[in-house]
Number of protein chains: 4
Amino acid sequence: MSSFRAQKMAKKKQEILRSAAAVLVEKGYQGTTMEEIAAKLLMTKGSMYYYFKNKDDLLYQCHLMIMEICLDGIEKVIESELNPVEKLRNAIKEHILLATSEKSMFMALSKPNHNFSEKQLQEVLELRKNYSHYFDKIIQEGIEKRAFVPVDVKMVRLIVLGALNWIQEWYDQNGPQSAEEISEAYAAYLLKMLVKE
Amino acid sequence: MSSFRAQKMAKKKQEILRSAAAVLVEKGYQGTTMEEIAAKLLMTKGSMYYYFKNKDDLLYQCHLMIMEICLDGIEKVIESELNPVEKLRNAIKEHILLATSEKSMFMALSKPNHNFSEKQLQEVLELRKNYSHYFDKIIQEGIEKRAFVPVDVKMVRLIVLGALNWIQEWYDQNGPQSAEEISEAYAAYLLKMLVKE
Amino acid sequence: MSSFRAQKMAKKKQEILRSAAAVLVEKGYQGTTMEEIAAKLLMTKGSMYYYFKNKDDLLYQCHLMIMEICLDGIEKVIESELNPVEKLRNAIKEHILLATSEKSMFMALSKPNHNFSEKQLQEVLELRKNYSHYFDKIIQEGIEKRAFVPVDVKMVRLIVLGALNWIQEWYDQNGPQSAEEISEAYAAYLLKMLVKE
Amino acid sequence: MSSFRAQKMAKKKQEILRSAAAVLVEKGYQGTTMEEIAAKLLMTKGSMYYYFKNKDDLLYQCHLMIMEICLDGIEKVIESELNPVEKLRNAIKEHILLATSEKSMFMALSKPNHNFSEKQLQEVLELRKNYSHYFDKIIQEGIEKRAFVPVDVKMVRLIVLGALNWIQEWYDQNGPQSAEEISEAYAAYLLKMLVKE
DNA sequence: TATGAATGAGCTTTCATTCAT
DNA sequence: CATGAATGAAAGCTCATTCAT
């Protein structure tokens with residue numbers, strides 16, 4: 001069937017996106033060439049155009065894929081039966097583990113201006129907003145349940161996500177601290193902004 | 001005198017750097033063209049090369065300039081007679097005010113790999129390390145004076161600077177909150193990680 | 001097979017080199033633009049970079065190609081069973097015919113300083129030395145066999161090659177004398193420096 | 001008087017030309033920048049334009065100056081009371097000494113195509129022709145006086161000048177042989193083409 | 001499907017030239 | 001007279017994109 005073809009193509013697309021995202025995060029949009037992405041997958045530049053309309057499309061799909069992964073992660077946390085403190089702790093840990101393992105954390109693909117169509121741009125920003133809102137939701141819930149002290153939710157969320165997204169700037173897979181350890185510590189410190197002694 | 005000429009040239013260089021830094025931070029190294037930088041100063045592309053050897057040199061000098069400004073700021077804080085809490089609060093506020101006013105905060109010129117010579121790279125990294133160390137020093141002092149609870153100094157500093165540097169990603173000069181307000185709030189929230197109730 | 005592709009690419013490279021050499025000899029390295037070379041082959045500037053890394057590489061490969069042709073020519077002479085007088089006569093004639101037909105005689109690509117890597121430079125100079133040595137060998141052999149009078153071999157060789165390489169400066173394909181005639185005359189005159197009456 | 005001014009200007013022009021010629025011969029027309037020429041004279045680029053209309057003009061004047069020097073040299077030889085053999089020997093030696101000392105021998109500024117006006121081009125070619133004719137004259141006179149064997153005058157002259165002009169390609173001021181020695185040897189060998197045993 | 005080859009727009013850089021001071 | 005500063009045209013080079021095979 002054609003659905004078989006389609007499935008095979010989707011698999012390949014995924015493979016390309018996963019590889020491309022890593023390079024794009026590392027070197028930035030303009031600093032990454034199609035050739036470089038292709039080479040890493042033992043393909044040729046030209047072949048990429050069978051799967052993606054153009055470089056912008058590739059970047060766009062990267063954003064979508066990464067956001068999907070992130071949203072999956074946080075939705076699992078949201079739906080869990082944990083208390084707000086544990087929820088936020090898990091959300092933070094999940095974010096860090098994704099960012100350090102995939103080395104392709106979404107926020108780092110910052111400012112998706114590039115040449116996106118208005119529709120594409122809105123789509124990406126919408127997904128980001130969703131992700132942010134999940135954090136807001138956890139914080140809000142925590143405040144309402146008196147697990148957290150009252151705070152400016154948006155601002156605290158910006159602080160938290162900023163701290164998390166910066167990790168990629170210095171994280172070294174071969175460094176002394178594991179991503180696991182880092183995520184534990186980050187969660188602990190950041191929670192101090194929200195819990196009363 | 002020739003020193004007059006030299007001074008005039010230095011002034012112009014400063015002017016270019018200031019303008020260039022804004023564009024470089026906004027669009028990234030590869031996304032910024034020499035023409036764009038020049039146009040913003042009502043110059044021509046070619047004229048830039050009278051002042052800077054090449055694009056890399058321009059970027060390098062940007063890093064130096066920005067770091068100088070940042071270091072000046074934090075040194076003033078360090079040398080003040082304030083207690084650690086106020087020192088850190090001021091350091092945070094200073095950083096945010098610089099980042100939002102100049103729109104050219106240093107850390108955002110992330111990963112100065114581009115084509116820097118080893119010497120240039122080391123120079124920039126050294127300045128960054130100095131800046132970071134000032135934060136460490138404030139935190140360390142706070143712990144020793146029992147103003148702060150004991151923490152992993154480096155990790156807390158990474159959280160703080162990460163949160164601060166992220167501000168540029170969303171800060172909007174015409175937004176509802178002034179940089180002043182933001183900096184107050186950030187300082188208050190971040191200090192919660194360090195002070196006992 | 002991939003070797004078929006490779007062969008096709010090699011052919012194209014040859015074609016480009018042959019055309020480029022002519023222009024380079026005519027106008028010099030700095031006076032020749034990539035666009036000019038490309039245009040003569042009905043290509044675009046950009047396409048050249050598919051075959052050659054940069055302009056220097058193109059020049060380097062030109063040198064290699066030309067030297068190969070020259071060395072092939074003189075090796076045939078060296079290996080022949082002729083006496084020294086005839087060998088030198090043939091070497092001179094061969095050189096002139098190549099220089100005038102290809103209009104891309106090697107020595108004329110003088111001073112291969114341009115931006116060659118040390119390795120490239122050594123490679124080219126080595127090939128030139130080989131070529132010169134073949135002339136020396138012929139002269140030396142002639143002296144030993146008493147076909148030539150004793151002379152400073154190197155100096156006579158320099159005179160001969162100098163005279164030959166100068167031909168390009170004035171040779172005109174449509175001039176009154178054919179390359180054949182010129183080469184005959186040159187050989188005859190130059191041999192007078194070496195043979196006793 | 002204005003003639004004093006004019007004289008001073010002429011002196012300066014001479015000085016510039018002498019310095020420029022050396023660089024032009026060394027690096028070629030396109031390979032030499034106005035800045036380079038100016039720097040060697042501790043001037044600035046812009047100042048050159050007070051003395052010369054443009055770069056082409058500078059090159060043109062270089063040709064004129066060099067040719068004047070060469071012609072002065074050979075005219076002295078021509079007017080001497082020596083026999084043809086000695087005349088040719090001296091002409092050859094003079095040429096070599098100029099070429100190696102000034103490192104700015106005229107023929108080396110080969111192909112004065114650059115952007116010369118037709119008039120300029122004709123002027124330079126005329127001077128070159130004059131220089132060549134002096135050699136022809138010496139050779140012709142030698143043949144008539146039976147000092148030389150009959151030869152194709154033009155061709156022998158081309159051989160001689162070719163050999164001479166090539167010297168710059170390899171001459172090294174610090175090499176084992178002095179220009180004096182080289183010129184003696186060259187003259188001796190080249191004369192063998194013309195004298196009977 | 002995949003790719004070798006070609007293209008052209010756009011970028012960095014150089015440099016002859018100009019001109020106010 | 002001399003020069004600091006600016007300019008713009010042209011060059012080398014890169015790279016996203018296309019397309020015949």
Side-chain angles (χ1 to χ4, degrees), chain A residues 5 8-9 12 29-38 41-59 115, chain B residues 2 4-6 8-9 12 29-38 41-58 115, chain C residues 2 4-6 8-9 12 29-38 41-58 115, chain D residues 5 8-9 12 29-38 41-59 115:
Chain A
R5 295 253 182 218
K8 209 174 144 194
M9 180 150 190
K12 190 87 187 183
Y29 180 71
Q30 315 261 9
T32 307
T33 69
M34 292 297 273
E35 190 134 40
E36 210 170 344
I37 294 172
L41 289 156
L42 301 177
M43 290 186 184
T44 59
K45 216 171 16 170
S47 306
M48 311 277 307
Y49 287 83
Y50 180 74
Y51 297 98
F52 299 95
K53 222 177 79 220
N54 53 36
K55 197 183 172 187
D56 280 330
D57 184 33
L58 182 61
L59 181 66
N115 291 321
Chain B
S2 70
F4 173 67
R5 294 275 182 200
K8 208 172 144 195
M9 182 153 195
K12 188 90 188 184
Y29 180 71
Q30 315 260 11
T32 307
T33 70
M34 292 298 273
E35 191 137 40
E36 210 171 344
I37 294 172
L41 291 156
L42 302 177
M43 290 187 185
T44 59
K45 209 167 29 167
S47 303
M48 309 284 306
Y49 288 84
Y50 183 75
Y51 296 97
F52 299 95
K53 223 177 83 232
N54 53 36
K55 198 182 171 186
D56 280 331
D57 185 33
L58 183 60
N115 290 322
Chain C
S2 72
F4 172 67
R5 294 277 180 199
K8 210 172 141 194
M9 182 155 195
K12 188 88 188 185
Y29 180 72
Q30 315 259 13
T32 306
T33 70
M34 292 298 273
E35 191 138 39
E36 209 172 345
I37 295 172
L41 290 156
L42 301 177
M43 290 186 186
T44 60
K45 207 169 30 167
S47 304
M48 309 284 306
Y49 288 86
Y50 184 74
Y51 297 97
F52 299 95
K53 223 177 81 225
N54 53 36
K55 198 182 171 187
D56 280 331
D57 185 34
L58 183 61
N115 289 324
Chain D
R5 296 256 181 216
K8 208 174 144 194
M9 179 150 189
K12 190 89 187 183
Y29 179 72
Q30 315 260 12
T32 307
T33 69
M34 293 296 275
E35 190 134 41
E36 210 171 344
I37 295 171
L41 289 156
L42 302 177
M43 289 187 184
T44 59
K45 214 168 24 165
S47 306
M48 310 278 307
Y49 286 83
Y50 181 74
Y51 298 98
F52 299 95
K53 220 177 81 225
N54 53 35
K55 197 183 173 187
D56 280 330
D57 185 34
L58 182 60
L59 181 66
N115 291 320

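Chain identifiers are assigned alphabetically (A, B, ...) following the order of the sequence lines, protein sequences preceding nucleic acid strands; residue numbering begins at 1 within each chain. Just so it is clear, the model here is predicted, and its values are computed rather than measured.
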Query raised in the report: Rounded to whole angstroms, how far apart are CG on A/Asn54 and P on F/dC15?
Result: 17 Å

Report task. Provide, to the nearest angstrom, the distance between the NZ atom belonging to B/Lys55 and the P atom belonging to E/dT14. Result -> 14 Å

Query raised in the report: If you round to the nearest 0.5 Å, how far is CD of B/Gln30 from OH of A/Tyr29?
Result: 12.5 Å

Query raised in the report: Through what angle, rounded to 10 degrees, does the axis of the helix from E/dA2-F/dT21 to E/dT21-F/dA2 turn between its ends, using five pairs per end?
Result: 10°

Report task. Calculate the interatomic distance between A/Gln30 atom CD and E/dT12 atom C1'; express it in whole Å. Result -> 14 Å

Query raised in the report: Would you find a donor on one side and an acceptor on the other, under 3.5 Å apart, between the side chain of D/Lys55 and the backbone of D/Thr33?
Result: no

Report summary line: Separation of E/dA16 atom C1' from D/Asp57 atom CG, nearest Å, is 13 Å

Hey, what are the protein-to-nucleotides 5-9 of chain F N/O distances that come in under 3.5 Å?
from: F/dA5; atom 1: OP2; to: B/Tyr50; atom 2: OH; distance (Å): 2.8
from: F/dA6; atom 1: OP1; to: B/Lys12; atom 2: NZ; distance (Å): 3.4
from: F/dA6; atom 1: OP2; to: B/Tyr51; atom 2: OH; distance (Å): 2.3
from: F/dT7; atom 1: OP2; to: B/Thr44; atom 2: N; distance (Å): 3.2
from: F/dT7; atom 1: OP2; to: B/Thr44; atom 2: OG1; distance (Å): 3.2
from: F/dT7; atom 1: OP2; to: B/Ser47; atom 2: OG; distance (Å): 2.7

Requested in this report: Choose from F/dA16, E/dT14, E/dA16 the nucleotide whose nearest atom is closest to any side-chain atom of A/Met34.
Outcome: F/dA16

**Report entry** Value in whole Å for how far the P atom of E/dC11 lies from CD of B/Glu36
**Finding:** 9 Å

Requested in this report: Look at the side-chain N and O atoms of B/Tyr49 and state whether any lies under 4.0 Å from the OP1 or OP2 oxygen of E/dT13.
Outcome: yes

Query raised in the report: Could you state the CG-C1' distance from C/Leu58 to F/dA11, rounded to the nearest angstrom?
Result: 15 Å

Atom pairs and distances, donor-acceptor, side-chain atoms in residues 43-54 of chain A, under 3.5 Å, two or more places apart:
from: A/Thr44; atom 1: OG1; to: A/Ser47; atom 2: OG; distance (Å): 2.9
from: A/Asn54; atom 1: OD1; to: A/Asp56; atom 2: N; distance (Å): 3.2
from: A/Asn54; atom 1: OD1; to: A/Asp57; atom 2: N; distance (Å): 2.7

Report task. Given side chain to side chain contact (heavy atoms under 4.5 Å, CB included), test B/Met34 with B/Leu58 step by step and report yes or no. Result -> CA-CA 10 Å; B/Met34 292 298 273; B/Leu58 183 60; 4.1 Å; yes

**Report entry** Between E/dT3 (P) and C/Phe4 (CZ): distance, integer Å
**Finding:** 18 Å

Report task. Could you work out which one of E/dT13, F/dT17, E/dC11 sits closest to the side chain of B/Thr33? Result -> E/dC11

